[in-house]
**Q** 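Have a look at the structure that comes next, please.
We name chains A, B, ... by the order of the sequence lines, and we start the count at 1 in each one.
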Amino acid sequence: MQKAMPQWNLRNTAYAERLLNDLEDIDWSVSLKTIQRNWIGRSEGAQIFFKLVGSKETLEIYTTRPDTIFGATYMVIAPEHPLVTSLTTETQRSKIEAYLAYTQSRSEVERMADKQVTGEFTGSYAINPFTKQQIPIWIAEYVLVSYGTGAIMAVPSDDERDLAFAKKFDLPIIDVVDKSDYPGATLQDKVGKMINSEFLNGMEVKDAITEMCKRVEAMKIGKAKINYKLRDAGFSRQRYWGEPFPIVYDQEGIARAVPLEDLPVELPKTDNFKPGNEGKSPLSRLAGWVKTDNGFTRETDTMPAVAGSSWYYLRYMDPNNDQSFADKKAVNYWQDVDLYVGGAEHAVAHLMYARFWHKFLYDLGYVPTKEPFKKLINQGMIQGVIELAYYHKPSSKFISAELIAEYDRSEIAEMPVHVDFVSDYGYEHSYLSAEGIEKFKDWRPAFKDAEFVLAADSERFITKSEVGKMSKSKFNVINPDDVVEEYGADVFRMYEMFLGPIETSKPWDTKGITGVSKFLRRFWDLFFEGDQLSLSSSAPNKEELKALHSLIKRITDNIERFSFNTCVSAFMETVNELRSLKCNNRHILEPIVILLAPFAPFMTEELWYLLGNDGTVHHANYPELQEEYLVEDTISYPVSVNGKKRALIDFPADASKEHLKK
RNA sequence: GCGGGUGUGGUGAAAUUGGUAGACACGCCAGACUUAGGAUCUGGUGCCGCAAGGUAUGGGGGUUCGAGUCCCUCCACCCGCACCA
């Protein structure tokens, strides 16, 4: 059931321009910024009021192309537009009602999926303020009530949708832009010379837009206006869990802020979480709480989850403060969030609200920065492979994927198969064996007698494999506990890092996990002779020191740029090298234990203890890089002939220029 | 349709600013040790070629002494928005 009720809204539209512009200053991924830009949806245009024939009312439209107004030959309003009833004339009423019944029968999804040119004439006319022509007002579903003003001036010569509509309903088309100077330009491109437009004739489109905005303003029939797709955020929930609004209503029903000294307004305790009457929140049942001592009435709606998530990071800066959300000193010290690692699914809700909220606090002087999250990394998702079986509905048979071309696709359904039944899971050719088919039938008793059609010479039922989210509904969830059980948490952790760059999404695949497992065992073995800890404390040699310090350099640099996969590679290379050097020197190995600690926290803790240290390795000082150990004795110079490297020649690093030239 | 991103071996991937492409790992091949091995160790492995050598970062073109990296163009795939006036 839908019901109109008064709601609190956050006027984040007032911040639209800043939310858009300040994206420039933050270090976020291009795709995330793009999503936010699209969501804000800024467009420059004009708001224009059209007079109606035989009425005192006007029809307000929004257009990004005021220059084309001489080509506006009809108008269109959305089926849900408030003026629909008053604009409909007696003779058209039954047709309009039939059309409205049709549009109401179509969901938004249907409208988008099935774009048909439909509409109906209202019987009313507006007056084009420049041509002075009477132009018909139509209703059509291609105009959306939620965007702009829900009404447009239609210029069939310069808009594809208007053109299709005009052709279908035989409405006049007047060319107003000559694009012959711009070969290849489409209707969307704002280029060309104005024609058939009186005082605009000969102007370039851009200048014509400016000129038209001036004229419209001078005539007091509208003005230049920037429009946003971004909507204000509905902020009321009729639920128990959520922050109560610090708002009370006085005897006249005027909303007032709860005085500072009475803040915060805490959620009252109750054990009745059922909704209140007339769709109100459960809080409305608590009469003793709703009525305040001075006879005011509390707001009983609560805030949504995005309220808390919009500012929690500020509270982290001063979590025990009972006077304010965070002390200014603390906020000035911490400033903002240096690095936010989060999923792209928060692109428009949480991340937009948090930015808005932060800017609001900035305007009030409570935070020193304009943006909450300086740098943001979208960590990639570990995906799953979804295994699907083709099911031929008319014959109730399952069809092996290699045979699917022989069937009519409209008769085929795809049924998810639990990945536990699938052989060679993760490979292109993954399949159900005879045993797998039996498991599937036990799992889905409804298909216990279904036939599985296999290729003539095959005993395998090939499944269709698709990369997608791990999801209970797709039966492809892999539990990390099993991996941890087999290889340990350190291996699991490092293998996830080793898979590739942090931003990359890819299906979970354990094919290479033995490499990481082997690496950790080899590192461990460096410390031992058989089962005995066996370490040398003598001064390390040059090669060992170079191995250590080049590792320190690489790990430091790679962490700095969030390249954890190459960190793992660097550790592997160093351990390979120390193995071939037969190094068991504690002056080398101990700093590596510290470097490795964030990557393999459990094993390094163990080694740290075995090395005789007190406390935890995770509090140890980070090893210091000493560049002098990195200097090469010889440098290999590539020798190029015709731009191709043909040879390498080694020279002592201290060789003179003269020597090199020879 | 509009906007954005990505294309490198059999596979996951390296190459931070234009400077020996394929590090590291998986897989594969050969060998060692073994009663056995899906354990461990050693060596090899982009492609063509016995070799010398040639060739190679989606295709084509350009800038440069030198291009995976910069520019143009085409193609493929992925993501976002989508009747936005």
**Q** Using Watson-Crick or G-U wobble geometry with both distances below 3.5 Å, tell me the partner of B:A21, or none.
**A**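 The base-pairing partner of B:A21, which may sit in any strand shown, does not exist here.
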**Q** Within the supplied structure, the quantity of interest is the number of heavy atoms (other residues, nucleotides, ligands) at a distance under 6.0 Å from A:Glu485 CD; does it exceed 12?
**A**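 It does not: A:Glu485 CD has 12 such atoms or fewer within range.
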**Q** Could you tell me the separation between the CG atom of A:Leu32 and the P atom of B:G3, rounded to a whole number of Å?
**A**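 Those two atoms, CG and P, are 20 Å apart.
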**Q** Specify the separation, in whole Å, of atom CD1 of A:Ile40 and atom C1' of B:C81.
**A**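 About 13 Å, once rounded to whole Å.
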**Q** Taking the six-membered ring for Trp, are the ring centroids of A:Tyr340 and A:Trp28 within less than 6.0 Å of each other?
**A**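 When the ring centroids of A:Tyr340 and A:Trp28 are compared, they turn out to be at least 6.0 Å apart.
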**Q** Decide, for B:G58, between syn and anti: a glycosidic angle within 90° of 0 counts as syn, anything else as anti.
**A**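 Anti, angle beyond 90° from zero.
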**Q** Which whole number of Å gives the distance between the C1' atom of B:C28 and that of B:C81?
**A**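 That atom pair is separated by 45 Å.
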**Q** Suppose we define a pair by two distances each less than 3.5 Å, Watson-Crick or G-U wobble; what does B:C2 pair with here?
**A**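 Check on B:C2: paired to B:G80, both distances under 3.5 Å.
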**Q** Of the listed nucleotides (B:C26, B:U40, B:A25), which one gets closest to any side-chain atom of A:Arg521?
**A**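 Looking only at side-chain atoms, A:Arg521 lies closest to B:U40.
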**Q** Say we look at B:C70 and B:A32: how far apart would their P atoms be, to the nearest angstrom?
**A**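 The same atom, P, in both gives a distance of 49 Å.
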**Q** Now, which nucleotide makes the Watson-Crick or G-U wobble pair with B:C33, with each of the two distances under 3.5 Å?
**A**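 Looking at the geometry, B:C33 pairs with no nucleotide.
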**Q** Whole Å only: how far is the CZ atom of A:Arg42 from the P atom of B:A85?
**A**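 So the two atoms are 12 Å apart, to the nearest Å.
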**Q** If you pin A:Ser31 and A:Arg522 to their nearest nucleotides in RNA chain B, which one's is more 5'?
**A**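 It is A:Ser31, whose closest nucleotide lies nearer the 5' terminus.
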**Q** For the P atoms, the ones on B:C84 and on B:C79, what distance do you get once it is rounded to whole angstrom?
**A**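 23 Å, rounded to whole Å.
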**Q** Tell me, do A:Lys190 and A:Asp67 make a side-chain contact under 4.5 Å, heavy atoms counted?
**A**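 No; the side chains remain at least 4.5 Å from each other.
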**Q** Step through it carefully: locate the ring centre of A:Phe492, locate the ring centre of A:Tyr487, and say whether they are under 6.0 Å apart.
**A**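 That pair fails the under 6.0 Å test.
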**Q** Looking at B:A51, which nucleotide sits across from it as a Watson-Crick or G-U wobble partner, both distances under 3.5 angstrom, or is there none?
**A**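 No nucleotide pairs with B:A51.
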**Q** Counting neighbours of NZ on A:Lys375 that are heavy atoms of other residues, nucleotides or ligands and sit closer than 6.0 Å, is the number greater than 12?
**A**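 Count over threshold, so yes.
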**Q** Return yes if a side-chain donor-acceptor contact under 3.5 Å exists between A:Thr118 and A:Tyr99, otherwise no.
**A**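 Side-chain D/A pair, A:Thr118 to A:Tyr99: present.
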**Q** Send over the distance from A:Asn227 CG to B:C84 P, rounded to a whole Å.
**A**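 That distance rounds to 13 Å.
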**Q** A:Gln36 CD to B:G80 C1': how many Å, rounded?
**A**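 That distance rounds to 12 Å.
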**Q** Give A:Arg579 one of three labels, base, sugar-phosphate or nothing, depending on what nucleic acid heavy atoms sit under 4.0 Å from its own.
**A**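 It contacts sugar-phosphate atoms only.
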**Q** Please report whether the ring centroid of A:Tyr74 lies less than 6.0 Å from that of A:Phe169.
**A**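 Aromatic pair excluded; centres sit 6.0 Å or further apart.
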**Q** Does any residue of residues 145-173 of chain A have a heavy atom under 4.0 Å from RNA chain B, and if so, which ones, in number order?
**A**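 Contacts with RNA chain B under 4.0 Å: A:Tyr147, A:Ile152, A:Arg161.
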**Q** Could you tell me the Watson-Crick or G-U partner of B:C28, where both distances fall under 3.5 Å? Say none if there is no partner.
**A**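 Looking at the geometry, B:C28 pairs with B:G44.
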**Q** With a 4.0 Å cut-off, would you call A:Asp338 and A:Lys374 a salt bridge?
**A**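 The answer is yes: the pair qualifies as a salt bridge.
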**Q** For nucleotides B:G4 and B:G54, find the distance between their P atoms and express it as a whole number of Å.
**A**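 Approximately 42 Å lies between the P atom of B:G4 and that of B:G54.
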**Q** Within less than 4.0 Å of OP1 or OP2 of B:A82, is there a side-chain N or O belonging to A:Lys229?
**A**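 So the side chain of A:Lys229 is outside the cut-off, no N or O lying under 4.0 Å from OP1 or OP2 of B:A82.
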**Q** Crowded around A:Gln379 CD? As in, over 12 foreign heavy atoms under 6.0 Å?
**A**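 Count over threshold, so yes.
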**Q** Provide, to the nearest angstrom, the distance between the NZ atom belonging to A:Lys33 and the C1' atom belonging to B:G3.
**A**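 After rounding, the gap between these two atoms is 15 Å.
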**Q** Should the pair A:Phe373 and A:His350 be assigned to parallel (<30°), tilted (30 to 60°) or perpendicular (>60°) ring geometry?
**A**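 The arrangement is tilted - the two ring planes meet at 30° to 60°.
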**Q** Kindly point out which of B:G3, B:G5, B:A23 is positioned nearest to the side chain of A:Thr34?
**A**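 Comparing B:G3, B:G5, B:A23 against the side chain of A:Thr34, the answer is B:G3.
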**Q** Rounding to a whole Å, what distance do you find between A:Asn378:CG and B:U6:C1'?
**A**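 After rounding, the reported distance stands at 15 Å.
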**Q** Give me the distance, rounded to whole Å, that separates B:G19 from B:U69 when you measure between the C1' atoms they each carry.
**A**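 Those two atoms are separated by 11 Å.
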**Q** Strictly by modelled atom types, are A:Asp175 and A:Ser157 linked by a side-chain donor-acceptor pair under 3.5 Å?
**A**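 No - no donor-acceptor pair under 3.5 Å links their side chains.
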**Q** Treating primed atoms plus P, OP1 and OP2 as sugar-phosphate and everything else as base, which nucleotides of nucleotides 11-17 of chain B get B, S or - for protein heavy atoms under 4.0 Å?
**A** -BSSSB-
**Q** Can you work out whether A:Lys518 or A:Thr63 has the more 5'-proximal nearest nucleotide on RNA chain B?
**A**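 Nearer the 5' end of the strand: A:Lys518.
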**Q** Tell me the interatomic distance from A:Glu141, atom CD, to B:A85, atom P, rounded to whole angstroms.
**A**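 About 19 Å, once rounded to whole Å.
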